[in-house]
2 protein chains.
Amino acid sequence: MSTRPTIKTIAKDTGLSTATVSKALNGSPQVRPNTRDKVLEAAKKLGYEINLSGVQLRTGKTHQIAMITVISSPHDDEWSGVGYAQLVYGVSDVLHDTPYRVVQYQASSYEESFEIIRRIVANRKADGIILPGTRAQDERVEYMQLQEFPFVTYGMTTLAQPHAYVDTHNQRIVSICVERLIAKGHRRIAMLNADAVLMYSQARERAYCQSLEAASLPFDRELIANGELTPAFGREQFFEMSMFDAPPTAYFCANEATAMGVLSGFHVRGYEHGREAVVIATDDLNVSQYFSPPITTCYLPISKPSRVLGEFMLRLLNGEAPEKLQKLFVPDLIERSSDVSVIK
Amino acid sequence: MSTRPTIKTIAKDTGLSTATVSKALNGSPQVRPNTRDKVLEAAKKLGYEINLSGVQLRTGKTHQIAMITVISSPHDDEWSGVGYAQLVYGVSDVLHDTPYRVVQYQASSYEESFEIIRRIVANRKADGIILPGTRAQDERVEYMQLQEFPFVTYGMTTLAQPHAYVDTHNQRIVSICVERLIAKGHRRIAMLNADAVLMYSQARERAYCQSLEAASLPFDRELIANGELTPAFGREQFFEMSMFDAPPTAYFCANEATAMGVLSGFHVRGYEHGREAVVIATDDLNVSQYFSPPITTCYLPISKPSRVLGEFMLRLLNGEAPEKLQKLFVPDLIERSSDVSVIK
DNA sequence: ATCAAAAATATAAACGTTTAACTTAAGATG
DNA sequence: CATCTTAAGTTAAACGTTTATATTTTTGAT
């Protein structure tokens, strides 16, 4: 037995045809329970394990889930990609006991990611696509819809046709954080936000404006910064904004990396958290509890949306309708530090 | 042209046989340059792209590189897996222009990872394996060697038969850091190290002992802690060790997450960095520059070993000998904060 | 011009699986 | 009892490629 057993081996062993063996293994009702048992027994005895290449060639099913990541600038010194990375684990974990595997596809730009998606779809290189980082009118999403290719996004779009997605409740996050700050007397609240082309960045900006408006506070465009959410970005923006004539007294950061950067800026400039200004953030690793000082955050463990991403993908491949596969997560507010004690 | 072109399509188009088309596409010397051009032209015209399932079934080549990750406890609140995650990107980036893709295989224990590897090898589910987190006498490595399956580890082993690996120069890192601390007057240096079963953890402990010995300093087992390198671990260990009758004046952390935890402990206990104690660490994200205060680290951007991991894999698949594919990276010391100003 | 050798191409089988179409036997129907 | 239906299998083809072997074409020497 030098060579790996196939259904042919089982067929020979049981005296059945390969067709019956195949049907038995796939639980077809066309085969008697009796014979099915015989087949399964033989399979076990011989140590049979299905060869997915055969299946793939015959049926087109690849058992691969493509995970698209767009990392614009792979600079060494930055925290980029950490968020994505954690995403992979949740999905991968959910797929653990299925024949599906997560396959990495890395793009360096939106355009390239579109190109990659086109090739995956056209050549059926995967059975489904998971796409984080959506745009409002995302052409990639439109394309996959048009081609009727299964996909789940991490992030919503404003497209008319519904699709499967998972997202955090951005509007809620922002109103929780901003209204809290306003209630405590903050009038100039900086918002360090993601790249403006991203859907969630836009949603947050809108919510930010609404919260200000509801409190009859003026909107100052200068207090909004968009960029790649790294510590470097946070620190630089702090350096800039803190030099304003009327500098912000609060920095609302779109993730914990950015918050760390702002706190680093505090340290460099001799700021004390809660004296000149405060930092509040969205967090999905809960690493902000280890900052010095720990800061208040809206916390949603990345594993949650990540796992649902995987679950939705499986259900999609099982034939469920995309419009039934949509979920928004509402993070918890975790109060930690004196984010309200700014003397104003 | 509703269906995707195959070599058959090209054969029909050019009037050649599929065999010749196949050879032409693969650059076989058996085909005349003239005909090859004709084939390539037709392929381009028709938009032909090879179907890897066919290749896979015929040749056994899967074009998949399995990346094994062992995440023992997938707790939400922790920074675990971040290191692995970054590894994927470098590999994936190097494979970008090849037909190979990185496929995630996630295990929750050493035993399970072994099981997974056995299945990948036995059923040729991948063309090669990348294995981070080696043990000294790693049975998984032995197994892959025995089965002559291509693999690259991130981390060395003490096995007799050489294999392809990438690693940081642990001995050097430790001696750089520890000797620096000793030179500045530190006598009690805590070492927050990885799980003791891991090869690099052992290597570092050995180097630590050597450095102490060279300086005729006593070795105190209490100053060494092993565990999962998270901020939580760092903080807890700090809490414990700082209560010793003779507490450490320096904490040497095996990664930046642990260092962050120790600094968090400092903050909680009202320590000031450089007064009661200092922190020094190994870093591969260079995120420690944003700590408050920034700390001195031995820095090796994770992208470097990560990319070499991918390169070695490609060369291995190209037939190069494993013993030629070994590389140790020496990190740079980045001096940042007053890690020497402890009054002792 | 002829012929052998070399070069280029063709034929056909194989990889492991699924599935449409077919066969056979047994059971149901009247 | 003849006929129809159903259940449970079988046969054979197909998915797209590579490659061993066979065949044809070209080349170059005589």
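All chains are named by letter (A, B, ...) in the order of the sequence lines, taking the proteins before the strands, and each is independently numbered beginning at 1. As the structure is a computational prediction, the values presented were derived from the model and not from experiment.
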- prompt: Have A:Glu142 and A:His163 got a donor and an acceptor in their side chains that come within less than 3.5 Å?
  reply: no
field: Between A:Asn26 and A:Ser28: side-chain donor-acceptor atoms closer than 3.5 Å
entry: no
Measure all distances between protein nitrogen or oxygen atoms and nitrogen or oxygen atoms of nucleotides 12-15 of chain D, and list the pairs falling under 3.5 Å.
{"unit_1": "D:dA14", "atom_1": "N3", "unit_2": "A:Arg58", "atom_2": "NH1", "d": "3.4"}
{"unit_1": "D:dC15", "atom_1": "O2", "unit_2": "A:Arg58", "atom_2": "N", "d": "3.3"}

Flag side-chain contact, heavy atom, 4.5 Å: [X] against [Y]:
| X | Y | result |
| --- | --- | --- |
| B:Ile71 | A:Tyr89 | yes |
| B:Ile68 | B:Ile117 | yes |
| B:Thr35 | B:Leu16 | yes |

Calculate the interatomic distance between [X] atom [atom1] and [N] atom [atom2]; express it in whole Å.
| X | N | atom1 | atom2 | result |
| --- | --- | --- | --- | --- |
| B:Gln56 | D:dT17 | CD | P | 13 Å |
| A:Lys61 | C:dT19 | NZ | P | 11 Å |
| B:Arg124 | C:dG16 | CZ | C1' | 16 Å |
| B:Lys125 | C:dG16 | NZ | C1' | 13 Å |
| A:Lys12 | C:dG16 | NZ | P | 12 Å |

- request: Determine which pairs satisfy ring-ring contact (aromatic ring centres under 6.0 Å, His included) with at least one residue from residues 14-69 of chain A, sequence neighbours left out, and list them in order.
  value: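 Only A:His63-A:Tyr100 qualify under ring-ring contact (aromatic ring centres under 6.0 Å, His included).
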- request: Answer yes or no: is there an ion pair linking B:Asp284 with B:Lys304, defined by an N-O contact shorter than 4.0 Å?
  value: no
query: Salt bridge or not for A:Lys45 and A:Asp13, using N-O below 4.0 Å?
result: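 Counted as a salt bridge, because a side-chain N and a carboxylate O are separated by less than 4.0 Å.
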- request: For residues 114-132 of chain B, pull every pair meeting salt bridge (charged side-chain N to carboxylate O under 4.0 Å, His left out), keeping only residues two or more places apart or in separate chains.
  value: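 Checked against salt bridge (charged side-chain N to carboxylate O under 4.0 Å, His left out) - neighbours excluded - the pairs reaching residues 114-132 of chain B are A:Glu49-B:Arg119, B:Lys61-B:Asp127, B:Glu115-B:Arg118.
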message: Please list, in numerical order, the residues of residues 26-39 of chain A that have a heavy atom closer than 4.0 Å to any atom of DNA chain C.
response: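 Heavy-atom contacts with DNA chain C come from A:Asn26.
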- request: Would you mind classifying the nucleic acid contact of A:Leu52 as base, sugar-phosphate or nothing, using non-hydrogen atoms under 4.0 angstrom?
  value: nothing
- prompt: Between B:Tyr110 and B:Phe114, what is the ring plane arrangement, given parallel below 30°, perpendicular above 60°, and tilted in between?
  reply: tilted
message: Quick check: any donor-acceptor pair below 3.5 Å linking the side-chain of A:Lys23 to the base of C:dT17?
response: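 Absent.
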query: How far does the helix from C:dA1-D:dT30 to C:dG30-D:dC1 bend, going by the axes of its first and last five pairs, to the nearest 10°?
result: 50°
Partners passing side-chain contact (heavy atoms from CB on, under 4.5 Å) against A:Arg58 (at least two apart in sequence or in another chain):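 Result, side-chain contact (heavy atoms from CB on, under 4.5 Å) vs A:Arg58: none returned.
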task: Hey, which sits more toward the 5' end of DNA chain C by its nearest nucleotide, A:Thr20 or B:Leu16?
output: B:Leu16
